[in-house]
Structures are given as structure tokens and as C-alpha cells.
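Right, one structure below, let's go through it.
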Amino acid sequence: MTSTFGKGCHLHLIDGSAFIFRAYHALPPLTRKSDGLPIGAVSGFCNMLQRYVTDNHGADAPTHLAVIFDKGSHTFRNDLYDLYKANREAMPEDLRPQIPLTRAATEAFNIACKEIEGYEADDIIATLAVQARDAGGRVTIVSSDKDLMQLVGDGVEMLDAMKNRRIDRDGVFEKFGVFPERVVDVQALAGDSVDNVPGAPGIGIKTAALLINEYGDLDTLLERAGEIKQPKRRQTLTEKRDQIELSRKLVQLDRDTPLDFTLDDLELRDPDPDRLMAFLAEMEFRTLTRRIADQLGIDPPVIAEKPAQETAETPPEQPPFDAAAYECVHDADALRGWIDRIRDRGRVAVDTETTGLDEMVAGLVGISLCVDAGSACYIPLTHKAGATDDLFGSDQLAEGQMPLDEALALLKPVLEDDAILKIGQNMKYDAKILARHGIDVAPVDDTMLMSYAMHGGEHGHGMDFLSDTYLDHRPIPIKPLLGSGKSAITFDRVAVDDATRYAAEDADITLRLWETFKPQLHRAGVTTVYETLERPLIPVLAQMEMHGIKVDRDTLSRMSNAFAQKMAGLEADLHDMAGRDFNVQSPAQVGAVLFEDMGLEGGKKTKTGQWSTPANVLEDLATEHEFAARVLDYRQLQKLKSTYTDALQTHINAETGRVHTSYSITGANTGRLASTDPNLQNIPVRTEEGRRIREAFVAEPGNVLLSLDYSQIELRILAHIAGIDALKAAFADGQDIHAMTASEMFDVPLEEMTPEVRRRAKAINFGVIYGISGFGLARNLRIPRAEAQGFIDRYFERFPGIRTYMDDTIAFAKEHGYVQTLFGRRIHTPEINAKGPHAGFARRAAINAPIQGTAADVIRRAMIRMPDAIDGLPARMLLQVHDELLFEVAGDAVDATIAAARRTMEGAADPAVKLDVKLTVDAGKGSNWAEAH
DNA sequence: GACATCACG
DNA sequence: GACGTACGTGATGTCC
């Protein structure tokens, strides 16, 4: 029987974050012996919890106890002020994986462990403290955070566990110069640099307390600010009134946080010895396990002295693969059994089987699940009965399958449960398939993204390769099941037995890869990259892809017809000029006409022995020869028609009327995204004719397309990374960066700059980013190689930091086998120590990767924050084109959306990286993409 | 399926 | 002294 909280009860509330950080900083970086998982903070946390419970037996002993944690990074305070806590340092790499373990530790001690999405721990503490006080009980808040001091009084005290000092009303007065009732007023004026609360500039705690004590409270002070004698203070309080009142809202704790539990749920409980011992043993805390076992009067469990693993590649011990052991789930009872096991384990590998690769169209055929290595099942859902050529049975569902709706209804609570981790290989695919059936999968882990974070640049990240490499197991190939060519079938035509072996194995492999990769992430130093740049991108991209962009078929169709007509005319002209028929689309045949029939000099052959006729060669010939000019015209139209105006029409989704690209998170080694099916990152823009294709990308009626793009982001990042003061200054002054470079290099004053000189400097600026060579620049500018080399020498002379950056980067790559972005993304450069021409490529790629990769990281960060930033606005993020984000927004919210999106993009590096160069974003709007860009 | 070409940042 | 040479992508058509 539990009693009701009231007089005589004493609630202790532990600020979980404070405990964790103290434990982290108090202890050396210990790691778990068996696998190297960092465990120091968890160890310290457990020690502190254990001591707290056993040492508190006197008059202040708790009758109720809870550890309160923060949850989610976005709270109502971010809505009030988006810079709230914006300058907080990123969490240390080796602490991040320990956070969930501290919650597990609290639960293992059988202490109430509470957190509420969207609220800070301080608000929950405030609410509980007020409830307990109102019920007539005592409260001890275990924290030294001054933000909590506003709660002290009437039986509420704070305990600074570090100094073992209790803080009452007098203690608060000592700290703030006012009693708890007025602490918020003082904080509103003084601000807080740690949480980035602005306050009143120039006023600290001392002055704030003085003013509050003189005028009584903040409202009175602000009302009567005009009476203040000191002119500076008077001006500040008058002019910064809004900022001060905002600051008050930020520091005021919410005492009405909605709680899904009561004070009575926090009653002190004895730990369950088995559970506690199991946890401590799993963490391999030998000393602590023994000490607590002694206290509980039980025998400590034996913790095996497992040797540290030899290499990071050694997979954990796992049972052999056994396709015969996979279960085919036919009914609800069997599925419930699996769901119980999933809930038990708190995690599950999931894989969906579908009728195709286009997630917007493909039908769901079955789902496979795996809870432990070797223990997997397949749930067939929409397999068709009989042979494919069976005229009568072919569209009937096969027997022994659960109704789709019933299976999904059972799975939905699990797939959406916050406490159950869903593991996938390329989870964005499965998430989109399930989203079309009303299931919002979360939280997720993705083995493909883990591999990308650890091994980007080393190899691909497909499941077959990963399984072969890291599990030493070749998966069942899909080819024999589906066939190929004309006779290929879709997965719903695969026999259920075969499907079970194939699909369940995929889930099994995924789980084993996860068990292999998870502990390796921090050893590879990429936990933060995975957690902040990869994993959170999954739902963001899934939403963008599912929303799609409206493309007007009529516009494209009309353009296709116009192109076809022009091309037919050009083709006839070209045949006339050649004096014979030939295929204009064949470079080899064009070359034959030019260099054989017409006998032109200077033709080069490709490595396969065919005539080479790339655009730059034809351009050189075009001044003299009409034929070459017409071939170029033809090729441009051919490209626009086949790749864009024709192909895009086939990508318009029949249901949505929109085009849904698919972004590959792991597609580019540098961290850039890649867009496929269709590629919407290479829609023409550089020529007038091509740009018109963008007119077909339109907003819905009443809406507008917005385009926001980073201005010169890679050059800005180069200026920061290489520390080029002249470039930094030019960006700070908002100068034309290419003109500045030209002026500096060629000694031409800015006001006398010619377009030609500027063009050369621009080519050099870009060349630098790409790992410039005299040959490459010469070809690009069509100048003699010696002259190009002269420009480069001059450039390095004027901006010596560039040379240093290049040399240092290559030296780093040679030593470590990878280079890094400012955010810690690692791009491996396996060829850097190779001999021969390979090395040249690898060197230039190594020089480019930190720059291109940092820019890619920046826009990823912006994209991940964007849904929150535009929350509440009638706006959607549609596309990403490397340095550009495209939005669709209702006409009346254009300005608000531009403001929110620009702020998010320009501040995307903060707080993890403090750039020496500000990022600026240009915005455009219009009814179509051509206008908006 | 490799190659050449060309669209984008 | 020669070698090849701007970075990162995806889609299309030819040719074998």
C-alpha cells in the first residue's frame, strides 16, 4: 500500500544532467574492457547515485526520489528565442553514447527516472517542487544550477552535492542579492552567457540586484526606468525593454509542466538485486558490483575477464547463419510472440520487401524482423498465389498470409514506440514505404549510414558488400529469385518459402551489422558525425521526397515538341553539310565527318581509338566551321530533350502530380547528397534555353517557390580553413571576391577592373578549391600553360596560407589515410600513397574534400534544423541542390519563411564551429523555379 | 556494361 | 624526366 504524498514526506529531485557532467569530468576516460565502449561517466554516475541513497539517512532522508533528465533539444524557449542555448558547446564525443546508459542505470537502481519531450529538466523539477510544497511536504533539489534558485523557500531547498552545502532563502540572497521571489527579475536583467539569455547589456547580477531592491520588482523598474539617474542604465532599460522581458520569459521556470505521473510514483523503492547486478555486470564495473553486492548481502555475479578485441573489424561472436531457422509468420498470434520479444529487447532490425525500387509507387509485399543474431522472421503479406503464367490464380493472394491491415495495426505501436530502436539498412527506404501505410517509424538507426560515417571513401555501403566484408557472409542473391530482363518478376511473385529465407536473412544481417558497427562508431571518432549529420537526415529527406515538387507536364511537352522540330532541321542541315547521312548522336561518327571527310587537323582520339569530339574541341572549331557549331546546337537540344523535357514527364507521379526525387545520403564521398530518379540537382540553368526548363517546376496555386542559396560558401570555408586574412576581410566587407582576388594578383585597382581580368581570377579561385594545376588552369582559360603556372605562383605568393593548407592537408592524409571536415566528418583517401597518376587524383581530392565536405555538413545542419525553424509556417522544404534549398510556401508567409530559413542557414555552423567568415544567404521567389532562383 | 558526353554545384 | 592533370555527382545514347 502506498501512502499519499503530504506532510512528513521529503522529495529529493536530482538534476540528471548535472550528475552526468560532474561524473564525466571527475573521472578519467574509462572504457569497457570487452569492447572499448566509453563508460567513465556511467561509472561515476552509478557511484554518485549509490552514495546518495546510502548516505542520506538523517533528518533529511528522502521518502521520495527521482532523477530528472532533459529530453529533446527544442523547448518552448526556442520558440520564444531561437538563439536560446545556441552557443552551447557540442557534447564530447565519448560522452554521447553514455547518456542513454545513465537512464538505464537510474532504472537499474529502481529510482524513478523522468523526462518529458520538449521540456527542460528544470521545468519538471519546478513543477514537482511546487506540487510537493503545496501538498505540505519538503523538497530538496540536488543541483547547483542557479536557474533553480527561484524555487527555494517554504520547505524547498537546494543541495549543492559537490560542496555538500544546503541552500535556503538566505543562501539565495547571498548569491543573487535578492530573495527567491525576485531571482527571475535579477536574471532577466543580468542575462546568462551560458544559456545565451541576452538580459540588459552592461548590467550584471550586482547592479541588477541593486535596481530591483530599489524599485521593488522588475515591472516597476521598467515602468519607472526614466527616473534612473545614471544615463547609461536609464538608456539601456528603456531601449532594451523587449529584450529584458524576453529574458524574463526565458529564465522563468514552467511550474505547470504536464506530467504523466504523480508525486506518489516517486516513492523511494528498494532496488531489485538481480536487475541491478545484471546492469552493473553488463557495464563490467567490478569494484562497484562487489561493493553493492556486499551492501545487499548477496553474492556478486562473476564478470568474465574478456580480452580486448584485437581489431575494430573483429565482429562480436555470433551464431552461424541458418536460413532454415527463420520463421515465416502466418497469423496474429505468431506475430504477437515476435512483438513481445521485440519489446523485451528494446530493439529490432526491420526490412521491408516491395514490388519495386520506387518508394512512392512500390507496393508492400512483406516485412522481416530480427531481434537477435540468427533469430529472424518474415511476415508475408501480399504475395500472389500460383505460378506467374497461371491465368486464373495469378492475381489471387497466396494462402497463409495475415491481412495487411491486421499486421500493420499490430506492428504500428512497436514501430512508433520511442523506447524501441528500429534498425535498418538504408532505413529511409523502409521509412517511406511504411509512411505510405500510416506508420511513422522512430527512432531509427541505419547500418548503411554507420558504415558511411566510419568508412566514407574506403568502399561502398551496400548490404552485400558490408555483409561479406564485416560478417564474412555472402547474402542470398536476389537475382535468382526475380530473374532478369523481360522475364523478371516482382517480389510478390516469389514463393513465400524462398522469400522467407531471403528477407529474414536481410534483417538478420542488418542486426548483426548493427551489433558490429555500434561499438565501433566512437572508436572511429565519428559518433557525433553519425548522430548529428547522418541519422537525423533520414526523416528530413523522407519528408522532402514524399512531398515532391509540382512539375507542369504541358510546359515540358510543348518544349519537347519545339526541340524535336529544331533538331530535325539541324539534322538535315548537318547531313547536307557532310554530304552524307550519319548519326549526329554518335561522337565517333561526328569525328569521322570532321577529321576524315572534311580533313580537319588537330582531331584527337579517345583511349578506345574513336575520334573525340567534346564540346570544348567543337567550340574551337566552331569559329571557322559551321558544321561544328551546328553539332553543338544539336547536342544541346538533344540533351535538354532526352534528359529533361522528355524524361521528367515520365517521373511525374500519377497520384500526386508531382516529381519525387530520391536523395542518396551516402552517394558522394564528401558528404554531399546525390539525387536520383530523377536527378533534380542538375536541372539546367547556365544557358538561357536550358533555364527555361525550370519554368516547368511550379508552385501550387496560391503558393510561391522560394530559393535560398549560400553565397560563395566554399570560398568562405577555404578562407576560414586556410586562414587567408585578405579573403576573410573581403568577405567581411561584402566585396566582390573575384574582383578582389584579381586586383590583388594583377595589381589592378578595383575601380579599373575589367571583366576579362576578373574572369581569370574567378577561374583561379575555383581552381584552388579543386587542387589547382597549371595544366588544368591553362585548359580552362585556354591560355599557355606557362602563363597559367605564372598565375598560380602569383596567387600562392599573395595568399601564402593556401600553399600551407594544401601541404598540410596532403601530409595529414598521407599519415592518417583520411582528411576531415570542420565538423569531424572523415573522408578516406586510400589512394593517397599510391604511385603513378592515381596519386595526383588522390591529392587533389584530398585538398578539395575538407572544403566541399564542410560546405556539405553546413547545409545538412541547416536542413536538419529546418523543420523546427519553419514549424507553424505554411511552408515546406522541397529540394536541396548542394548550396541551395528550395521551398514551397503559401503566398502570405513568404517573408516570414525567408527570414526563418535564412537565419537557420546562416547560423548552421553554430555552435559546433565558430567560422571566421560569416555565411550569407541570397533569397529569391517566384511562381516557378526559374523566377525564384 | 563500358565509354563519351554534358547537365549541375 | 615523364606521366597525366581541376573537385564532386547522374542520365543519356552509342557501340561492343
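Bear in mind that the values here come from a model prediction, so they are computed numbers and not experimental data. Note on naming: letters A, B, ... go to the chains in the order of the sequence lines (proteins, then strands), and numbering restarts at 1 for each one.
Residue A:Gln589 is in sugar-phosphate contact alone, with no base atom involved, counting any heavy-atom pair closer than 4.0 Å across all strands shown. Residue-level contact check: A:Phe766 touches neither bases nor backbone, having no heavy atom under 4.0 Å from any strand. Base engagement by A:Gly767 is indicated by at least one non-hydrogen atom pair under 4.0 Å involving a base atom. At a threshold of 4.0 angstrom between heavy atoms, the contacts of A:Ala856 with the nucleic acid are absent. Contacts of A:Arg686 with the nucleic acid, taken as non-hydrogen atoms under 4.0 Å apart, include base atoms. When heavy atoms are screened at a 4.0 angstrom cut-off, A:Ala763 is found touching base atoms of the nucleic acid. A:Val685 comes within 4.0 angstrom of sugar-phosphate atoms only, judged by non-hydrogen atoms across all strands, and of no base. A:Glu884 comes within 4.0 angstrom of no nucleic acid atom, judged by non-hydrogen atoms across all strands. Residue A:Thr606 is in sugar-phosphate contact alone, with no base atom involved, counting any heavy-atom pair closer than 4.0 Å across all strands shown. Heavy atoms of A:Arg691 sit nowhere under 4.0 angstrom from any nucleic acid atom. At a threshold of 4.0 angstrom between heavy atoms, the contacts of A:Asn780 include nucleobase atoms, whether or not backbone atoms are also involved.
Just one of A:Arg686, A:Arg692, A:Arg691 meets the side chain to side chain donor-acceptor pair (under 3.5 Å) condition when paired with A:Glu688; it is A:Arg691.
Note: CZ (A:Arg694) to P (B:dA7) measures 13 Å, nearest angstrom. Look at OH on A:Tyr452: it is 8 Å from P on C:dT9, rounded to the nearest Å. Rounded to whole Å, the distance from CD on A:Gln852 to P on C:dT9 is 7 Å. Nucleotide C:dG8 holds its P atom 17 Å from the CD1 atom of A:Ile717, rounded to whole Å. A:Phe582 places its CZ atom 17 Å from the C1' atom of C:dC15, with the value rounded to the nearest Å. Protein atom NE2 of A:His882 is 5 Å distant from nucleotide atom C1' of B:dG9, rounded to whole Å. The separation between A:Leu640 atom CG and B:dT5 atom P is 18 Å, rounded to whole Å. Between the C1' atom of B:dG9 and the OH atom of A:Tyr770 lies a distance of 7 Å, rounded to the nearest Å.
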request  = Report the C-alpha distance between A:Glu744 and A:Arg794 in whole Å, list the side-chain angles of each, state the deciding distance to 0.1 Å, and finish with yes or no for salt bridge (Lys or Arg N to Asp or Glu O under 4.0 Å).
outcome  = CA-CA 10 Å; A:Glu744 187 73 26; A:Arg794 185 107 176 128; over 6 Å; no

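For DNA chain C, the residues of residues 676-684 of chain A within the heavy-atom distance limit of 4.0 Å (strictly under) are A:Thr676, A:Asp677, A:Asn679, sorted by number.
Judged by distance alone, the side chain of A:Arg798 and the main-chain N or O of A:Met745 form no donor-acceptor pair under 3.5 Å.
Between B:dT5, C:dT9, B:dG9, one nucleotide has an atom nearer to the side chain of A:Ala674 than all others, and that is C:dT9. When distances run from any side-chain atom of A:Thr670 to the nucleotides B:dA7, C:dG8, C:dT12, the shortest one goes to C:dG8.
The pair A:Arg782-A:Glu619 meets the salt-bridge criterion, with a side-chain N (NZ, NE, NH1 or NH2) lying under 4.0 Å from an Asp/Glu carboxylate O.
When base pairs are accepted only as Watson-Crick or G-U wobble with both N-N or N-O distances under 3.5 Å, DNA chain C takes part in stems of 3 or more pairs at B:1-9 with C:7-15.
Here A:Phe796 pairs with nothing under the ring pair (Phe, Tyr, Trp, His ring centres under 6.0 Å) rule; sequence neighbours left out.
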